[in-house]
Amino acid sequence: MTQENIRVRIAPSPTGDPHVGTAYIGLINFLYARQRGGKFVLRIEDTDRTRFVSTSEDMIFDALKWLGLSWDEGPDVGGPFGPYRQSERTEIYREHAEILLANGTAYRCFCTPEELEASRKAQMAAKQPPKYAGTCRNLSPETIADHLAAGKPFTVRMKVPDGSTTFRDELRGEITFDHTNVDDQVLMKSDGFPTYHLANVVDDHLMQITDVIRAEEWISSTPKHVLLYDFFGWQKPRFWHMPLLRNQDKSKISKRKNPVSLVYYRQAGFLPDAVLNFLGLMGGGMPQEQFAAEKFSLEEMIQHFDVKNISLGGPVFDLTKLKWLNGEYLRALSAEGFYEALRSTILSDTYLKEIAALTQTRIETLGQFGNLTHFFFTDEVSPAPEVFLPKKRTIEETLAFVAEQITALEGCDWTTSGIEAALKQLGEAQSWSVKENFMLMRAIVTGSTMSPPLMESMVIFGKARTLDRVRRFLDAQKKAASQKK
RNA sequence: GGCGCCAUGGUGUAAUUGGUUAACACGUCGCCCUCUCAAGGCGAAGAGUUCGGGUUCGAUCCCCGAUGGCGCUACCA
C-alpha cells in the first residue's frame with residue numbers, strides 16, 4: 001500500500017467576520033492533517049461578489065493565527081497549487097466549464113433571473129418542489145448560436161442525468177439521493193464567476209485534496225459534487241461531514257442568538273487555548289478516560305483526538321461552559337502572565353490611549369476616569385427603562401427600532417461617519433428624531449445617558465462587541481417584556 | 001411540502017461496540033473554608049437512554065416504524 005499524502009483544506013468565504021464555525025471546521029482539518037503528516041490548506045472562496053467584504057479576508061487570517069491554526073498553503077504564504085483565492089482562478093473555472101459543455105454534461109441556460117423566479121413561485125404555489133424547469137436543457141445548436149450572437153447573458157448548468165447517486169460519508173456510511181431531488185445546479189453565473197459547487201470541486205481536485213471535512217449543511221449538495229467528479233472523470237476525495245454548532249434552542253448557530261465572530265471572542269478577552277479546547281469538546285473526539293477533566297491543549301489534541309469518534313448530534317455552543325474553561329486557563333496563568341494577558345488585550349496601550357483621548361476634556365480629576373469609561377471594561381451594562389426608553393415611545397416600538405438599528409449597524413462601515421450615516425438614515429426612514437435615536441443607542445452601549453462621544457466610543461469598543469451588546473440588550477428586554485404579559 | 005441527517009440528565013460527552021447501581025465535565029443546590037465575592041474542598045438533586053414494536057436469555061448499543069429537532073431546497077457559501 002502506498003503512503004497517501006493527506007491534504008485537507010478549509011475554504012471560508014470573506015463575507016464578514018470570521019466565524020466560530022470556521023474555527024471549528026478549521027480545527028478538525030488542522031488536527032487531521034497534523035496527525036497524518038499531511039498538508040492543511042487555506043483557500044478563500046470569494047466567488048460571490050455581492051456578499052464580498054473587503055476587510056474580511058485579513059480578519060480571517062488574523063483570527064486563525066490568533067487561534068494558532070497555521071496553514072501550510074494559502075493566499076498569503078503561497079504554495080504549489082496556487083492561486084489560493086478563487087477570484088484569481090476564474091480562467092481555470094471557465095476552462096473547466098468548457099470541458100463539461102463539450103462532453104455534454106453541462107449546458108448553457110439563457111433564462112433570466114425573473115423567469116426563474118416566476119417559475120419557482122408557480123411551483124411553490126402548485127406545491128411542487130421548486131426545481132429548474134429544464135427550459136434550456138435541450139436547445140438546438142442554432143438557437144444557442146443565435147442567443148450567443150445576440151449577446152444574451154447565460155449561465156452554465158450541470159445536466160443531472162436520471163438515476164441516483166450514492167456516496168460514502170466517513171462518519172455516517174452510505175447516503176443515497178435520487179436525482180429527482182438533485183437540481184440542474186448553476187455552475188457558472190452570468191457574471192463569469194463560478195458557483196461554489198464548481199469552484200469547490202475543481203479546486204479540491206487541482207489542489208489534490210484527499211479529504212473534504214466540512215459542515216453537515218453540505219450533505220444535500222454532495223451528490224452534485226460527486227456527479228461533477230464523475231463528469232470530469234476524476235477521483236473523489238473522502239467526505240466527512242461534521243455536525244453543526246447550535247444555539248441554545250438547537251437551531252444552527254447564528255449571530256442573532258449567540259456571539260459567532262471570532263473577533264468578539266478575542267476582544268471580549270477569551271484566550272485562544274480556551275476557545276480551541278472548547279471547540280475540541282464539541283462533538284467529542286477526545287478520549288474521555290484520559291481527559292476526564294476536559295482540559296487539553298492543541299498538542300494533546302493532535303496526539304489523541306480522533307475524528308472518527310465525533311458524535312453526530314448537533315452540539316449546543318454553551319457560552320457558560322466556555323467561560324468556565326476560559327476561567328480555568330486564566331487561573332492557570334502566573335501572576336505575571338495574567339497581567340500580560342490583560343495588558344495585551346483589555347488594558348492594552350492602544351485601547352487605553354484611544355479611550356483616554358475621549359475623556360480629557362470631560363473629567364476634572366483623573367480619578368473620575370472610571371466613572372466615564374467603565375462600560376469599556378465591563379462585559380455588560382444593563383440600563384433601566386428610565387434610562388433607555390424615549391419619553392414619547394412605547395417599549396414595543398422602541399425594541400422594534402433597536403432591531404432595525406442592529407441591522408443598520410451590521411451593514412455599515414465601522415467608522416464614526418459610517419455609523420452616524422447608517423443610524424441617521426434609519427432614523428429618518430422611521431421618523432425617529434436624531435436625539436431619540438442616538439440617546440437610545442448611547443444608553444444601550446454605555447448604560448447611561450451621559451457618556452463620551454457615542455460614535456467614537458462605538459468605534460473603539462469594536463463592531464463585534466458593540467453588536468453583541470446591543471443584541472443581548474434586545475434579547476433581555478424582549479424576555480422581560482414577554483414575562484410581563 | 002419534498003429530500004437528507006440526527007436523537008443518552010438543562011448543556012457537552014462516556015459506557016470493553018448486546019451483559020454497568022447508566023459514568024465524567026459544565027450548570028444548579030447545600031455544606032466547609034472565609035471580612036465579602038470568587039477560587040478551592042466535600043456532598044446532593046437531576047436521564048432508566050424520545051416513543052412504539054421487533055431480534056435476543058439479555059438491549060443505550062442491532063432492525064423497523066412513529067415522533068421530534070436540524071439542514072438543504074438561490075446566478076449564497
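Here is the naming used below: chain letters follow the sequence lines, and residue numbers restart at 1 for every chain.
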Can a salt bridge be assigned to the pair A:D72 and A:R34 using a cut-off of 4.0 Å between side-chain N and carboxylate O?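 A salt bridge is present here (some side-chain N lies under 4.0 Å from a carboxylate O).
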What's the [atom1]-[atom2] distance between [X] and [N], to the nearest Å?
{"X": "A:K295", "N": "B:rA39", "atom1": "NZ", "atom2": "C1'", "value": "12 Å"}
{"X": "A:N181", "N": "B:rC5", "atom1": "CG", "atom2": "P", "value": "12 Å"}
{"X": "A:Q290", "N": "B:rA15", "atom1": "CD", "atom2": "P", "value": "13 Å"}
{"X": "A:L319", "N": "B:rG12", "atom1": "CG", "atom2": "P", "value": "14 Å"}
{"X": "A:K323", "N": "B:rG12", "atom1": "NZ", "atom2": "C1'", "value": "17 Å"}
{"X": "A:F296", "N": "B:rC24", "atom1": "CZ", "atom2": "P", "value": "18 Å"}

If I take atom [atom1] from residue [X] and atom [atom2] from residue [Y], how far apart are they, to the nearest 0.5 angstrom?
{"X": "A:W240", "Y": "A:L171", "atom1": "CH2", "atom2": "CG", "value": "6.5 Å"}
{"X": "A:S13", "Y": "A:I44", "atom1": "OG", "atom2": "CD1", "value": "8.0 Å"}
{"X": "A:L325", "Y": "A:E294", "atom1": "CG", "atom2": "CD", "value": "8.0 Å"}
{"X": "A:Y265", "Y": "A:N326", "atom1": "OH", "atom2": "CG", "value": "11.0 Å"}

Mind telling me whether A:W234 and A:H205 have parallel, tilted or perpendicular rings, with 30° and 60° as the class edges?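 The arrangement is parallel - the two ring planes meet at less than 30°.
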Aromatic rings A:F110 and A:H147: how do their planes relate, parallel, tilted or perpendicular, breaks at 30° and 60°?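 Taking A:H147 first and then A:F110, their aromatic rings sit tilted (interplane angle of 30° to 60°).
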With a 6.0 Å cut-off on ring centres, are [X] and [Y] close enough?
{"X": "A:F317", "Y": "A:F278", "value": "yes"}
{"X": "A:W66", "Y": "A:F270", "value": "no"}
{"X": "A:F232", "Y": "A:H96", "value": "yes"}

Could you measure between the two [atom1] atoms, the one in [N] and the one in [M], and give it in whole Å?
{"N": "B:rU56", "M": "B:rG30", "atom1": "C1'", "value": "45 Å"}
{"N": "B:rC32", "M": "B:rA25", "atom1": "P", "value": "23 Å"}
{"N": "B:rA59", "M": "B:rC64", "atom1": "C1'", "value": "15 Å"}
{"N": "B:rG52", "M": "B:rG19", "atom1": "C1'", "value": "24 Å"}
{"N": "B:rU11", "M": "B:rG27", "atom1": "P", "value": "16 Å"}
{"N": "B:rC51", "M": "B:rA22", "atom1": "P", "value": "16 Å"}
{"N": "B:rC63", "M": "B:rA7", "atom1": "P", "value": "12 Å"}
{"N": "B:rU55", "M": "B:rC61", "atom1": "P", "value": "15 Å"}

Which residues in residues 277-287 of chain A have a heavy atom closer than 4.0 Å to any atom of RNA chain B?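 Residues of residues 277-287 of chain A that come under 4.0 Å of RNA chain B are, in numerical order, A:L281, A:M282, A:G283, A:G284.
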Check every strand shown and say whether [X] touches a base, only sugar-phosphate, or nothing at a heavy-atom separation below 4.0 Å.
{"X": "A:E114", "value": "nothing"}
{"X": "A:T176", "value": "sugar-phosphate"}
{"X": "A:N309", "value": "sugar-phosphate"}

For nucleotides 26-29 of chain B, tabulate all protein N/O to nucleotide N/O atom pairs closer than 3.5 Å, reporting atom names and distance.
none

Lys/Arg cation over aromatic A:Y107: A:R157, 6.0 Å, 45° cone: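 That pair does not qualify as a cation-pi contact.
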Is the positively charged end of A:R469 above the ring of A:F473, judged by distance under 6.0 angstrom from the centroid and angle within 45° of the axis?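 Verdict for A:F473: no cation-pi partner in A:R469.
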Report, as a single string ordered 5' to 3', how protein heavy atoms within less than 4.0 Å touch nucleotides 67-77 of chain B: B base, S sugar-phosphate only, - not at all. --SSBSSSBBB
Which string of ( ) [ ] | and . matches RNA chain B, if you list each base 5' to 3' and count Watson-Crick or G-U pairs only when both distances are under 3.5 Å? (((((((..((((.....[...)))).(((((.......))))).....(((((..]....))))))))))))....
Using a cutoff of under 3.5 Å, can you pull out all pairs of nitrogen or oxygen atoms linking the protein to nucleotides 62-64 of chain B, with atom names and distances?
none

Using a cut-off of under 3.5 Å, enumerate the N/O to N/O pairs linking the protein to nucleotides 45-50 of chain B.
none

Would you call A:L27 and A:L298 a side-chain contact if the rule is heavy atoms closer than 4.5 Å?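 With C-beta onward as the side chain, the pair touches.
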Syn or anti for B:rG48, given that syn means the glycosidic angle lies within 90° of 0?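 What B:rG48 shows is a syn base, its glycosidic angle lying within 90° of 0.
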